[in-house]
Amino acid sequence: MTVDLLLGLQWGDEGKGKIVDVLTKKYDIIARFQGGPNAGHTLEFDGIKHVLHTIPSGIFHEKSLNLIGNGVVIDPVIFEKELKNLEPYKINLESKLFISRKAHLILPTHRLLDAASELAKGKSKIGSTLKGIGPTYMDKTGRNGIRVGDIEIKNWLEKYRKLSDKHEQLIKNLRVDLQYNLPELEKEFFKAIKTLQKIKFIDSELFIYNHLDNGKKILAEGAQGSLLDIDFGTYPFVTSSNTTAAGACTGLGIPPNKIKDVFGIFKAYTTRVGSGPFPTELFDEFGKKIAKIGNEFGATTGRPRRCGWLDLVALKYAVKVNGVTKLMMMKGDVLSGFKKIKVCVKYNNDGDEISHYPFSLENNLIPIYKEFDGWKDDISKINKFENLPKNFLDYVKFLENELKVPISIISVGPDRKQTIIC
Ligand code: GDP
Ligand code: IMO
Ligand code: MG
């Protein structure tokens, strides 16, 4: 059997959580393959909104199993809070949730190091979520990290202390004003480690191969977005993992030839949290209107998201990098009532017109827009593709033609039910 991937094509927050939840009934296993609690995936059904950070978005479905893969970094403290939020729903987590022994742990000092490094960068800070993501992946690739499976081994506390001491030294070297109380943070951390141990640790790649051999279907859930990919994103304003399709191979141990569909999710406009270039960013009333109607505030940090028009140049690039086979367009409802809608089709790069995504988006890139007539009608209650307004459908058709990939889902609201299968 094969694996399908679902990933964000922009700078994150495209609505991955919602769509994974919608699709889960078709899959046996939902598996996160990278990122950590920098992610905030929102699901809404029965009038309740849920935000997940580390736990896969299939957790609310009765049958599906949920796996946190080896490519993920886990903060036990945040994980414990997520479990607590799930308590009212009486989910049998012992039989439904599994953690890879090879996933890396975010230590309290990873979080501190993240904060110290951002302080040291000053104005050129990444705008990280301060969840310790960068430092944890640095220790992973630097071969110093502590993995979930290590806590089953006796001497792990020695390893922990050595690494934590090293982090404190690194923080000192950065000479920033960072106040912290490590004993307090460690108390919370070791308590949370006990909670983490209530969940089954497994050799997740073998778990996946067994299930594939038994004909089971797997959906790999991406976090962040393609433009935040460590290799292909707007470096250095990116996250520290491969958010693109290849990340699912390394982050779960999935052989490339087992991947079938790659679902690419994008918003009908663009948002970005944190620093970094964003050519189509709007600083005018339209940007504010999108932010307000779209409720564009980070699900993890609560920070306001920067908003702008859809960037087709960047989107085409993301479609290529991921080999997207099906597109899903989110939040078209937010644009209802706009007289005109714009899409960036090229950039003016210091006088030259370019239609490719350049090495750096930080140059004087000026977007060249194509304008569309908007639609007046509220589309949030429409549940059939053919009932969508003509101007909306024209917009969809234009995007499909340009991207050369069909749009298979149109989302018109945050709720599970506000989903049109095309
Ligand atoms: P993720 O990180 O990709 O899972 O996305 P987030 O959960 O961070 O952000 C998406 C936000 O948009 C959430 O608040 C969702 O509830 C909401 N949302 C998802 N799809 C739609 C949609 O089609 N329309 C509207 N208005 N909101 C949506
Ligand atoms: P989901 O999965 C949006 C951004 C941060 C910052 C940069 C680096 O919800 O789409 P990090 O903490 O990873 O070192 O931050 O990446 N970022 C996200 N932006 N959605 C996310 O996840 C993000 N995860 C990280 O704002 O600019
Ligand atoms: Mg999010």
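Values in this document were obtained by computation on a predicted structure and should not be read as measured data. Computed over heavy atoms, backbone and side chain alike; hydrogens, waters and symmetry mates excluded. Whatever order the structure lists ligands and atoms in, that order sets their numbers, starting from 1.
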What protein heavy atom sits nearest atom 26 (O) of ligand 2, and how far away is it? R303 NH2, 2.9 Å
Which part of R305 is near ligand 1, with near meaning a heavy atom under 4.0 Å away: side chain, backbone, both or neither? side chain
Examine the proximity of ligand 1 to D333 and report which part, side chain or backbone, both or neither, has a heavy atom under 4.0 Å away. side chain
Taking 4.0 angstrom as the limit and counting only heavy atoms of K16, give me the atoms of ligand 2 inside it, by number and element. 1 (P), 2 (O), 10 (O)
Heavy-atom contact under 4.0 Å between Q224 and ligand 2? yes
Counting non-hydrogen protein atoms only, what is the nearest one to atom 7 (O) of ligand 1? Give residue, atom name and distance. T42 OG1, 2.5 Å
of all protein heavy atoms, closest to atom 6 (C) of ligand 2 is G127 O, 3.2 Å
With a cutoff of 4.0 Å, is R305 in contact with ligand 2, counting heavy atoms of the residue only? no
With heavy-atom distances below 4.0 Å as the criterion, list the atoms of ligand 1 near V334. 26 (N)
Identify the protein heavy atom lying closest to atom 27 (O) of ligand 2, giving its residue, its atom name and the separation to 0.1 Å. V273 O, 3.1 Å
Any idea which atoms of ligand 2 are less than 4.0 Å away from a heavy-atom of A39? 1 (P), 2 (O), 9 (O), 22 (O)
Non-hydrogen atom of R272 closer than 4.0 Å to ligand 2: no
I want to confirm something. Looking only at heavy atoms, which of L52, L227, L7, V238 is nearest to atom 7 (C) of ligand 2? V238
Note: ligand 2 atoms sitting under 4.0 Å from heavy atoms of W11 are 3 (C), 19 (N)
Quick test of your reading of the structure: of T271, T129, T239, D13, whose heavy atom lies closest to atom 12 (O) of ligand 2? T129
With heavy atoms only and a cut-off of under 4.0 Å, state how I265 meets ligand 1: side chain, backbone, both or neither. neither
For the Mg ion (ligand 3), find the closest N/O/S atom on D13 and give its atom name. OD1
Out of all atoms in ligand 1, which are within 4.0 Å of some heavy atom of K18? Include the element for each. 20 (N)
Among all protein heavy atoms in this structure, tell me which lies nearest to atom 16 (O) of ligand 2, with the distance rounded to 0.1 Å. L228 CD2, 3.6 Å
Atoms of ligand 1 close to G17 [distance to a heavy atom under 4.0 angstrom, numbered from 1]: 4 (O)
At less than 4.0 angstrom from any non-hydrogen atom of S411, what atoms of ligand 1 do you find? 20 (N), 21 (C), 22 (C), 23 (O)
Identity and distance of the protein heavy atom lying nearest atom 14 (O) of ligand 2: S128 CB, 3.6 Å
Any nitrogen or oxygen of G332, side chain or backbone, less than 3.5 Å from one on ligand 1? no
Mark the output for G40 as yes if a heavy-atom distance to ligand 2 is under 4.0 Å, and as no if none is. yes
Examine K49 against ligand 1 and note whether any of their N/O atoms are separated by less than 3.5 Å. no
side-chain contact (heavy atoms from CB on, under 4.5 Å) between F266 and I407, intermediate numbers included: CA-CA 10 Å; F266 67 101; I407 295 183; 4.0 Å; yes
State whether the shortest distance between N or O atoms of M330 and N or O atoms of ligand 1 falls below 3.5 angstrom. no
Quick check: A299 and ligand 1, any N/O pair under 3.5 Å apart? no
